[in-house]
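Reviewing the structure listed below.
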Amino acid sequence: MPISHVSTHLRLDGVSHAYGARRVLTDISVAVPAGARVGLIGENGSGKSTLLRIAAGTLAPSAGSVSATTQGGGQPRIGLLHQEPPFADSDTIAAALAAATQPVRDAAARLDAAGAALAAPGDPAEVRGREAAYADALDEAERLGAWELETRVEQTLTGLGIAALPRDRRSSELSGGQRARLSLAWTILNSPDVLLLDEPTNHLDDQATAYVVHTLGRWRGPVL
């Protein structure tokens, strides 16, 4: 299970947006603290997807501001599930999963490097710095569940009903429902600090929907 920054908060203040002369959002403010799961409810065309894109930073609002903060001033990673898959048509399932889990594998590599650095000689100040760097790397690896990565991949694919798909199958060869499930798996396995999900249960059966509900119920970061 990915573990996000427990102190991550997402906030939108006075967000408005217009496409030309058509205004779709007016003075929207919402705060989503760590561990909260907030649902946006509205009719089709009311601006829900636009608001999520603004929250993700992929669309600048006409007015207002968005902030995502963590304790200590770190920059949290934001994951957005929307209509466009986060992988190319030419990507195989294996390639998509490798890209999704790259941040977790990078964290494990940083921990290995920090551990190796501890053995190098140095003065007391250098040693303390390396020990602090190792502690930070260990915290990140634990937070991202680096040692359970392969288990999480299999659990996620099984939970979403796509574990049986051949890993060498290209995205372009998948059905629309399979691509939607792979996109959701990609977003979850990328282990972002903030989850923004645009209609995540589309194309899911009851079993896969139950898995998503269970996963979001354990997510420590904000979910919108």
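Nothing here was measured: the structure is a model prediction, and the numbers come from that model.
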Taking the side chain from [X] and the backbone from [Y], do they hold a donor-acceptor pair closer than 3.5 Å?
{"X": "Arg77", "Y": "Ser191", "answer": "yes"}
{"X": "Arg110", "Y": "Glu140", "answer": "no"}
{"X": "Thr26", "Y": "Ser16", "answer": "no"}
{"X": "Asn190", "Y": "Pro192", "answer": "no"}
{"X": "Arg181", "Y": "Ile162", "answer": "no"}
{"X": "Thr70", "Y": "Pro76", "answer": "no"}

Answer yes or no: is there a side-chain heavy-atom contact under 4.5 Å between [X] and [Y]?
{"X": "Leu197", "Y": "Leu216", "value": "yes"}
{"X": "Lys48", "Y": "Asp198", "value": "no"}
{"X": "Thr215", "Y": "Gln155", "value": "no"}

Please report the closest heavy-atom contact between [X] and [Y], naming both atoms and the distance.
{"X": "Glu199", "Y": "Asn202", "value": "OE1-ND2, 2.9 Å"}
{"X": "Gly122", "Y": "Val127", "value": "O-CG2, 3.8 Å"}
{"X": "Leu204", "Y": "Val212", "value": "CD1-CG2, 3.7 Å"}

Within a radius of less than 6.0 Å around [atom1] of [X], do more than 12 heavy atoms belonging to other residues, nucleotides or ligands occur?
{"X": "Glu126", "atom1": "CD", "answer": "yes"}
{"X": "Arg170", "atom1": "CZ", "answer": "no"}
{"X": "Asp206", "atom1": "CG", "answer": "no"}

Of the options Thr50, Thr58, Leu52, which is the one that meets Ile54 in a side-chain contact (heavy atoms from CB on, under 4.5 Å)? Thr50
Please name all residues satisfying side-chain contact (heavy atoms from CB on, under 4.5 Å) with Thr101, sequence neighbours left out, ordered by chain then number. Arg105, Leu149, Val153, Leu189
Residues which pass ring pair (Phe, Tyr, Trp, His ring centres under 6.0 Å) with His82, listed by chain and number, not counting sequence neighbours: none
